[in-house]
Structure formats: structure tokens, C-alpha cells
Amino acid sequence: MFNAKKPAAKPYLRTHRLQPENQEAPVQFFKTDTVPDPLFYRRNHFSYPSLSYSNYWLPLNGCVAKPALLSIQDLLHLPSKTVQVVLECSGNKRSLFHPKVFGEQWEKGAISQGIWKGVPLRLLLERARMKKGAKEVIVEGYDYGKRTDSNKVYTYARSLPIEKVLHPDTLIAYEYNHQPIPFKHGYPLRLIVPQWYAMASVKWIKQITVIDDHYRGPFQSVDYVYYPHKESNKDAFPVTHINVNSTIQKPLNMDILNTGTHMIRGIAWTGKGVITKVEISFDRGQTWLTAKKEPAQTGYGWVSWSYEWKAQKKGEYTIMSRAVDSYGRTQPASPFWNRKGYGYNAIDQIEVKVE
């Protein structure tokens, strides 16, 4: 009798697009607070670049007294920092907006996190001696291509204000989870900007330029901007800090459960301070119950939470979760609608049936 060992089942990324590659993480299968490379979500604007590690140099120029050309070995010999950071695409949960908005229809999996190690960008800029009047620092990636709104070829580039650049945990990272950063996530060098949406964490860094003006590249002035009005650009403002948010990982939406005790699990995160409380509701928000945070939040990562639910009565239930952070920000009942679909953070909810 044939008795071959059955292969173990394993989760995979959910593919939205192959060119460029955009895939979301299966958040329901996250069991630890560090996401392994195969399950880390992928968000790209262009095709992957071609790079050579052996010939890799990082220029640092612009409004500095001492321009530099750094090798990977140069960076490895500088003082480093290691931080746990959540990276969330600003379009995460875009598919949940009503009215619907155009763009990649991410569900709840455009988010991942892990442990990043690198050199503080502040240290490099101090050594280069920024000139008086410097306002922003542009970080340009090696990925490039045409946009749908232009026939020009652009590289992916973003700028940071000086105060964010000088944050001690803004890193030029070269490791993820104690290994070299995987190629598809920015190898050999990636900018890591804690507490901001992941569009700021530029991959495959090509060069760093200090400027005395405001950068107006399309990924700064057109994309990653909140446009509150459908037909005009009035009241527009930039996407920066991550909104306070939570996601129910288990059970899944539209699950059928038996009567008895069920553990509701999820994650909560924020771009300001730390998560102080996560609450659960079974009556569409009329009353809220406090969930257990486990373990305590560390670094700039999410906090895992759980709630033991005794489902004694059969029927259909709406389970809701909302998080509160140390800045007093609470997930709203409705998201801030904007026409590009950024920053969705309304109270999370799922429907389940108990039989």
C-alpha cells in the first residue's frame, strides 16, 4: 500500500498583478510578530531593477559640504541600529472604501513587519555636513518606468523633511530578520521610515540628495496625496503617518462556527505613539469589550490581541474591532474618504454565523 508522507500545506501571497508584481500577505496566517520573506507583501510601481552587489555604490550629494560615495562595506563598518518596524502600504484596505476608488484593490494584507538593521540616515548626513538651509532629503530608487499619466520615464523617488531624516530610527537598512534584505524587498539597501506609510521606505536605493527646496516628483506631489474631493484638488495634503488601525485575523469573514468558545485574534498598529487599547463589539458598536494585548508592543511594530468569545446562541453575528493609541486617536466608524484611496482605518468588522 502506498503510504507517501503528505506534503504540509502552507500559505501563499495573494496576487493582484504580475507586471509590476503586487501581492498581499495572508494576514490570517501570521503567527508571530516577524513576517518571513515569502509572506511579506509586495508593492511595486515598476518592474524589478537589475543590480550588481559587487559594483554597488551609494552617492550622497546635494547641499552638503562633504559629498560621499559609499560602498556596502563602508556602511557595514558604521554604527548600526536594529528596530522592529511595521510597513503598511497606504492603499491597504482600499477595496473597503465606499464609494469605490480606483487603484490596486488591496484587501487587508498590504502590511507586514519584521526586524530591520542598518545605519541611521542621520549619521550619514552628519558626516556629510548638511549646509544651512537644507529642507528635504531625496531618496531615489533604482526602479523606473513610465506612469499612466505621462510618457516620461521616472525613477521611484521620495523626499523626507529634515526633522524626519534626523529621527534616530530612520535607517538605511541592509538586513531584514537578521539576514540580508531579500532582493524583492529592496536589496541591497532600503530606506526604513518608522511610523510612516511604506511609500516613504524607498527600495533599491540609488542615491541620496539633500536639497534646499521642496521636492515635486510625481510620487510626492501627485501620488501619495490625500484628495478629499472627487472633482478637484482643493484641500489636498500629503500622506505621512500611519493611521491607528486594527485587523481581525481569526475567524475569517463569513465563517461558519459551531456553538462554544472561540478565540478572536488580530493585530493593531499606529504611526504615533503605541497602541493602548483594543476593543471588541458584538452588537454593531453599541457596547465594547476590552481585548487582551499579547505581548506588549515593541519598537514600531503591531501589537497582537485576542478575545475569548463564548458563542452560546446560534445566529449571525457582526464582530467589530477598534484600536486606540497613546495620542488618543481611535479608529473611526467611517474612513476618511479620498479619491486615491489612502489611509483606510475604519473600525474593522467581519460577519460570522454560529450553527
Once you round to the nearest 0.5 Å, how far does NE2 of His262 lie from NZ of Lys310? 11.5 Å
Is the closest side-chain donor-acceptor distance between Asn92 and Arg43 under 3.5 Å? no
Geometric class of the Tyr226/Tyr342 ring pair [parallel <30°, tilted 30-60°, perpendicular >60°]: perpendicular
Polar contact flag, side-chain donor to acceptor under 3.5 angstrom, Glu140-Thr209: no
Do you see a donor-acceptor pair shorter than 3.5 Å between the side chains of Thr15 and Gln23? yes
So, for Ala236 and Tyr227, which heavy atoms are closest and what is the spacing to 0.1 Å? CB-CD2, 3.7 Å
Specify whether Phe282 and Tyr307 have parallel, tilted or perpendicular ring planes, treating 30° as the upper limit for parallel and 60° as the lower limit for perpendicular. tilted
Can you confirm whether the side chains of Arg322 and Thr330 place a donor and an acceptor under 3.5 Å from each other? no
Going from CG on Leu60 to CD on Gln207, what distance comes out if it is rounded to the nearest 0.5 angstrom? 9.5 Å
Nearest 0.5 Å please: distance from the CD1 atom of Ile267 over to the OG1 atom of Thr247. 5.5 Å
Here the pair of heavy atoms bringing Lys340 nearest to Val225 is CD-O, 4.3 Å
Within 6.0 Å of CZ in Phe336, more than 12 heavy atoms from elsewhere: yes
Under 3.5 Å, is there a donor-acceptor pair linking the side chains of Asp33 and Gln84? no
What do the steps show when you test Thr259 against Lys314 for side-chain contact (heavy atoms from CB on, under 4.5 Å), and what is the final call? CA-CA 7 Å; Thr259 54; Lys314 297 180 180 181; 3.8 Å; yes
Might you work through the side chain to side chain donor-acceptor pair (under 3.5 Å) test for His16 and Gln105, ending with a clear yes or no? CA-CA 8 Å; His16 285 270; Gln105 294 300 298; over 6 Å; no
May I ask you to decide if the ring planes of Tyr48 and Phe183 are parallel, tilted or perpendicular, using 30° and 60° as cut-offs? tilted
Between Glu279 and Ser321, is there a side-chain donor-acceptor contact under 3.5 Å, judged purely by atom types and distance? no
Report yes or no: is the cationic atom of Arg147 (NZ for Lys, CZ for Arg) under 6.0 Å from the centre of the six-membered ring of Phe219, at an angle within 45° of the ring normal? yes
Ignoring hydrogens and angles, state whether a donor on the side chain of Ser221 or Arg216 is under 3.5 Å from an acceptor on the partner side chain. no
Minimum-distance pair of heavy atoms, taken over all atoms of Asn151 and Lys146: O-CE, 3.3 Å
Between Asn177 and Trp116, is a side-chain contact (heavy atoms from CB on, under 4.5 Å) present by the stated rule, with each step listed? CA-CA 6 Å; Asn177 289 348; Trp116 304 89; over 6 Å; no
Any donor-acceptor pair under 3.5 Å linking the side-chain atoms of Thr318 with those of Gln349? no
Shortest non-hydrogen pair, Gly271 vs Gln195, comes out as O-CB, 3.1 Å
State whether the side chain of Asn44 and the backbone N or O of Phe46 hold a donor-acceptor pair below 3.5 Å, judged by distance alone. no
With distance as the sole test, does Thr170 use its side chain to make a donor-acceptor pair with the main-chain N or O of Lys164 at under 3.5 Å? yes
Close side-chain approach of Ile350 and Leu252, heavy atoms under 4.5 Å: no
With clusters built from Ile, Leu, Val, Met, Phe, Trp and Tyr whose side-chain heavy atoms come within less than 4.5 Å, directly or transitively, what are the remaining members of the cluster of Met320, listed by chain and number? Trp288, Ile347
Aromatic ring pairing Tyr156/His45, orientation class (parallel under 30°, perpendicular over 60°, tilted between): parallel
What verdict does the side-chain contact (heavy atoms from CB on, under 4.5 Å) test give for Glu21 and Lys184, after you've listed the backbone C-alpha separation in whole Å, the side-chain angles of each residue and the deciding distance to 0.1 Å? CA-CA 9 Å; Glu21 188 177 34; Lys184 290 192 173 183; 3.2 Å; yes
Can you list the steps and then say if Arg17 with Glu104 is a side-chain contact (heavy atoms from CB on, under 4.5 Å)? CA-CA 9 Å; Arg17 193 185 302 267; Glu104 207 76 73; 3.1 Å; yes
Between Glu294 and Ser304, do the side chains contain a donor N or O and an acceptor N or O under 3.5 Å apart? no
Which pairs, with at least one residue in residues 135-155 and sequence neighbours excluded, count as a ring pair (Phe, Tyr, Trp, His ring centres under 6.0 Å)? none
With under 30° as parallel and over 60° as perpendicular, where do the rings of Trp106 and Tyr41 fit, or are they tilted in between? perpendicular
Does Met263 CE have over 12 foreign heavy atoms under 6.0 Å away? yes
Output yes when a side-chain donor or acceptor of Thr32 lies under 3.5 Å from a complementary backbone atom of Thr34, and no otherwise. yes
Would you mind checking if Lys203 and Asp143 are paired as a salt bridge, meaning a charged N to carboxylate O distance below 4.0 Å? no
Just wondering, do Leu191 and Leu160 contact through their side chains at under 4.5 Å, heavy atoms? yes
Will you find, in the side chains of Asp169 and Tyr300, an N or O donor that is under 3.5 Å from an N or O acceptor? yes
Just do the side chain to side chain donor-acceptor pair (under 3.5 Å) check on Arg265 and Gln249 with the steps written out, would you? CA-CA 6 Å; Arg265 297 186 183 277; Gln249 296 171 283; over 6 Å; no
Greater than 12 external heavy atoms within 6.0 Å of Lys250's NZ: no
Lys93 and Asn245: side chain donor to acceptor below 3.5 Å: yes
Taking only Lys NZ, Arg NE, NH1 and NH2, and the carboxylate oxygens of Asp or Glu, determine whether Arg14 and Glu24 approach each other closer than 4.0 Å. yes
